[in-house]
2 protein chains.
Amino acid sequence: MAANGSSIPPTTLSDQVLETLQAAIVEGELEPGQRLREPDLSKRFGVSRGPLREALRRLESRRLITTAPNTGARVVALSKTQLLALYDVREALEGMTCRLAAENISEEDLAGLSTLLDQHETELERQDGRDYFRQEGDLDFHFRIAMACGNSMLSTILCTDHYQLMRLYRYKFSASPGRPARALREHRRILEALYERDGELAEILMRRHIRHARDNVATLTEADVETPAANARNHP
Amino acid sequence: MAANGSSIPPTTLSDQVLETLQAAIVEGELEPGQRLREPDLSKRFGVSRGPLREALRRLESRRLITTAPNTGARVVALSKTQLLALYDVREALEGMTCRLAAENISEEDLAGLSTLLDQHETELERQDGRDYFRQEGDLDFHFRIAMACGNSMLSTILCTDHYQLMRLYRYKFSASPGRPARALREHRRILEALYERDGELAEILMRRHIRHARDNVATLTEADVETPAANARNHP
DNA sequence: CGAGCTCAAATTGTTGACAGAATTTCGCTT
DNA sequence: AAGCGAAATTCTGTCAACAATTTGAGCTCG
């Protein structure tokens, strides 16, 4: 079972385009709702439209772009409703992830999470206004738990699909004043539950944590503009 | 429940191949692990390899086929571990689905679920040996709840991705003797909770229901053969 | 001055052909 | 006769060109 871990990367052009284009979308280089014209992208990546279209189809499955026949692709633009829906999905999946992680996570990974939270604490003390990096750090915490839960299907769904969407929208909504500190405390409690191998508690705490984040977004976008662009044909 | 409601079906060749090929896989016409050669499929569907490859990429995202560079595609063949992992994902997602459905499902849909369960009861009395159709009916119950939960992301994930996989493996493991009757009772209780708009209870009952189904599979495959074919590179 | 129509340009959908990798076949050696 | 290795075949990855649809600019007309 050659896992080609080190030797050769038998990577296809479609794979490379997928990675690069996903990065461009998630890091905000391409704006939500922006139209993606195949000739443009084709020229940009130095690739013909064949592999490009395969990459687009995969990005569509990851919900990072939306497409409609004969009209092409656009960068996804979640409405407020859809963003909150994403949090509900995360609550369900990450709750389960956390329950399983309590049973399966290794001691090394637990130690790694512990040092990660220490880093977050020092960052939080130094620069409490800028929650920018904290947000990325928050996702890092969740990411590591997902990777260590021992259920490869869960890990893939969360890390490949949903976290990319979260990263895309992380820029949009900065946390409210007290949120980063509270989030850190919640992370600490979750980690305690993992140390004690208490899956039931770990799940409850993770679900509450994500629900708090959801509430934060819900109030911040109270009378906010629905992200306008081009998600007409999302749910017919 | 064909989409594109009324006017014109702006469907592309890739779409059609996706549907047809997915049906062939899910209904067992193509065996798990079987290799899918592009020229063969190309000829079979009367389509060139371009749209075909796009369809394959989407089926890969739906986890119905696995691919590796330069080696092509194969029909997915879940190991016992992966099948149980799928049940864990379902437990999380459908629990949440059920909670939301308790808040959002319409009276008509509730009535529809009620008559569906009545049908299942009569079927169960008539032919208790053949749980074949019951299994399909079981999925139908879950399918309808997913569609009515009011969270389009959850509906899509479950109906487009996971239920297809479940249908594929429904043939493999028939239920143990008393299971169909118990499953029906569990469905009835879930429906009661939905009628009472008790989201918390509905979630708990749905999770227990899916866990029971998981246990059923786990015991049935106790010393069973790992589905052999070709899922070497699934989690590197 | 704006709404609607027409036609041209650009874009998407699709195809067939070529290059390189993987698999199979066949012959050779021991 | 069995195992190994090399050549041939098949298949995947990629590209450039053709067909069909959409977009948008310019014009006409109310």
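Letters A, B, ... are given to chains in the order of the sequence lines, protein chains preceding strands, and every chain is numbered from 1.
Y87(A) is linked by a ring pair (Phe, Tyr, Trp, His ring centres under 6.0 Å) to nothing, counting only residues two or more places apart in sequence or in another chain. Not counting sequence neighbours, the partners of L13(A) by the side chain to side chain contact (heavy atoms under 4.5 Å, CB included) test are Q16(A), V47(A), P51(A). For E38(A), the salt bridge (charged side-chain N to carboxylate O under 4.0 Å, His left out) criterion is met by R49(A), R53(A), not counting sequence neighbours. Applying the side chain to side chain contact (heavy atoms under 4.5 Å, CB included) rule to E91(A) yields the partners D88(A), R207(A), I210(A), R211(A), M96(B); only residues at least two apart in sequence or on another chain are considered. By the side chain to side chain contact (heavy atoms under 4.5 Å, CB included) test, A146(B) is found to be paired with T97(B), L158(B), C159(B), Y163(B), residues two or more places apart in sequence or in another chain being considered. Applying the side chain to side chain contact (heavy atoms under 4.5 Å, CB included) rule to E31(A) yields the partners Q34(A); only residues at least two apart in sequence or on another chain are considered. Judged as a side-chain hydrogen bond (donor to acceptor under 3.5 Å, both in side chains), and not counting sequence neighbours, R35(A) has no contacts. The side-chain hydrogen bond (donor to acceptor under 3.5 Å, both in side chains) check on R37(A) picks up nothing, with sequence neighbours excluded. Listed by chain and residue number, Q22(A) satisfy the side-chain hydrogen bond (donor to acceptor under 3.5 Å, both in side chains) test with R62(A) (two or more places apart in sequence, or in another chain).
Protein chain B contacts DNA chain C over a range whose 5' and 3' limits, counting nucleotides with an atom under 4.0 angstrom from a non-hydrogen atom, are dG13(C) to dT23(C).
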Under 3.5 Å, N/O pairs linking protein and nucleotides 6-8 of chain D:
none

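H209(A) has its ring centre less than 6.0 Å from the ring centre of H142(A).
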Under 4.0 Å protein heavy-atom contact, by nucleotide of nucleotides 11-22 of chain D - B base, S sugar-phosphate only: SBBBB-B---SS
